[in-house]
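Quick notes on the structure that follows.
Reckoned from all heavy atoms, side chains included, excluding hydrogens, waters and symmetry mates. Residue numbering restarts at 1 for every chain, and letters A, B, ... go by the order of the sequence lines.
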Amino acid sequence: MPELPEVETVVRCVRPSLLGRRIARFRSLWPRNVSPGAAIVARRLRDRTITDVSRRAKYIVMSLDDGANLLVHLRMSGRLAWADETDRPEHVRAWWGLDDGRRLLFRDARKFGRILHTDDLGAATAHLGVEPLAQEFSAACLARLLDGRARQLKPLLLDQSLVAGIGNIYADEALFAAGLHPLDPAGRLDRSEVLRLRRAIRAVLRRGIRCNGASIDWVYPGGTMQEVFRVYGRTDAPCRRCGTPIAAMRVAQRSTHFCPACQPPLAVRRRRSGRKRV
DNA sequence: TGAATTGTTATCGT
DNA sequence: AACGATAACAATTC
């Protein structure tokens, strides 16, 4: 489902066609998910020019010439598409009519997606943590986030208020790449484990972007990242590194996949290395 | 029919 | 009081 790499791919895909375009009309067919209200947003968007299209965490950010921003969150099944790409597109929840005659569709089978207009982008995104691909996300930064926390690594990685943009797939893939167990207490990692985790997060997200994201069932077409998954969705399949069957469990209500051999729990790692540190 | 999916919110416990 | 765990919730598909 769209996580940081998928959203980044969508942004890169639509940006060239949207930059400098004027919105002639915006219409919502599912007003419930438009904030602060479909009629208000339609009025505010009319005749605005799109000055930038970017990404913050899993939000698509359309910047407008009046300083306001339109945030689009795809949640589980949202996608952007052009009206002329499909004969009779299903699940169209909103659309933008542009000054060049093209029509951008927001399609969303499950209606979880959100469209939010704001005059204060900072306030609207204040709940979000650091961008994992930004310079700012240094080893020291991650160490600060982990420090003193008893929380398990997997739920921590999914917490958008700490690191923003990681979802279930890339959390599992990052933990595998780092050789860390999903249930490890975050605050107990040593220096080299923190470094590994930071590198792993950035590596899997960058790889996801290079692959144009991952195509999972019918929700998000186009990407190829699913072909190189190491653990996600590979329950009982042999680990690509050591051959051990990939294990699955439920963590914080999320399906979680890991290699029991490549990702031993912290206690086991410490026992093997013979010495403990914090 | 129930499981699965994401992120927010509410609630409860330490 | 901050932190963390848990559940409910939105809607739909398989």
Side-chain angles (χ1 to χ4, degrees), chain A residues 1-10 28-38 55-61 71-81 89-94 105-116 118 123-132 144-174 182-189 205 208 213-221 223 225-226 229 231-236 246 248-257 266:
Chain A
M1 329 290 92
E3 303 180 21
L4 187 153
E6 288 76 26
V7 177
E8 181 65 28
T9 301
V10 170
S28 167
L29 295 88
W30 190 250
R32 182 189 300 188
N33 290 352
V34 179
S35 172
R55 179 193 58 75
R56 172 74 172 103
K58 301 174 194 173
Y59 289 90
I60 299 159
V61 182
L71 275 59
V72 179
H73 200 301
L74 303 173
R75 289 280 186 109
M76 283 194 62
S77 59
R79 52 197 282 194
L80 297 181
E90 289 186 297
H91 311 308
V92 176
R93 308 307 180 193
L105 308 178
F106 177 60
R107 300 175 58 192
D108 184 16
R110 288 174 184 156
K111 300 182 177 175
F112 282 18
R114 297 290 130 107
I115 296 175
L116 167 69
T118 180
T125 58
H127 63 290
L128 296 169
V130 61
E131 282 289 326
R144 268 196 307 277
L145 292 175
L146 301 179
D147 184 45
R149 289 185 190 268
R151 212 166 177 194
Q152 297 168 333
L153 284 177
K154 169 92 186 247
L156 184 141
L157 290 182
L158 294 175
D159 188 335
Q160 303 299 301
S161 72
L162 300 175
V163 183
I166 301 172
N168 204 39
I169 292 172
Y170 292 92
D172 280 3
E173 294 297 323
L183 301 183
D184 280 349
R188 299 248 174 79
L189 298 193
L205 292 175
S215 303
I216 304 298
D217 56 57
W218 49 276
V219 173
Y220 178 88
M225 180 72 182
Q226 70 283 356
F229 282 168
V231 287
Y232 183 84
R234 299 193 64 246
T235 310
D236 295 333
I246 298 301
M249 63 180 171
R250 215 70 200 153
V251 181
Q253 308 345 37
R254 301 283 185 261
S255 63
T256 296
H257 315 75
L266 182 137

Next item on the list: Could you list the residues that satisfy side chain to side chain donor-acceptor pair (under 3.5 Å) with Y59(A), not counting sequence neighbours?
Entry: none
Item checked: L146(A) CG to dC3(C) P, straight-line distance once rounded to whole Å -> 14 Å
Next item on the list: List in chain and number order the residues that pass salt bridge (Lys or Arg N to Asp or Glu O under 4.0 Å) with D184(A), two or more places apart in sequence or in another chain; answer none if no residue qualifies.
Entry: R269(A)
Item checked: Any residue meeting salt bridge (Lys or Arg N to Asp or Glu O under 4.0 Å) with R93(A), in chain and number order, not counting sequence neighbours -> none
Next item on the list: Could you pull out all residues at least two apart from R151(A) that satisfy salt bridge (Lys or Arg N to Asp or Glu O under 4.0 Å)?
Entry: D159(A)
Note to self: Check whether E3(A) reaches the backbone of N168(A) with its side chain - one donor and one acceptor, N or O, closer than 3.5 Å.
What the structure shows: yes
Notebook entry, point to check: Is any side-chain N or O of Y59(A) closer than 4.0 Å to OP1 or OP2 of dT6(B)?
Noted result: no
Tabulate atom names and distances for all N/O pairs under 3.5 angstrom spanning the protein and nucleotides 9-11 of chain B.
none

Next item on the list: Apply side chain to side chain donor-acceptor pair (under 3.5 Å) to Q160(A) and list each qualifying residue two or more places apart in sequence or on a separate chain.
Entry: none
Notebook entry, point to check: OP1, OP2 of dT8(B) versus side-chain N and O of H127(A): anything below 4.0 Å?
Noted result: yes
Next item on the list: Determine: side-chain N/O of S255(A) to OP1/OP2 of dT5(B), distance under 4.0 Å, yes or no.
Entry: yes
Notebook entry, point to check: With a 4.0 Å cut-off on heavy atoms, is N168(A) in touch with a base, just the backbone sugar-phosphate, or nothing at all?
Noted result: sugar-phosphate
Note to self: Counting primed atoms plus P, OP1 and OP2 as sugar-phosphate and everything else as base, spell out the protein contacts along nucleotides 5-10 of chain C at 4.0 Å heavy-atom distance: B, S or - for each nucleotide, 5' to 3'.
What the structure shows: S-B--B
Item checked: Partners passing side chain to side chain donor-acceptor pair (under 3.5 Å) against S28(A) (at least two apart in sequence or in another chain) -> none
Next item on the list: Using the test side chain to side chain donor-acceptor pair (under 3.5 Å), find all partners of R234(A) that sit at least two apart in sequence or belong to another chain.
Entry: none
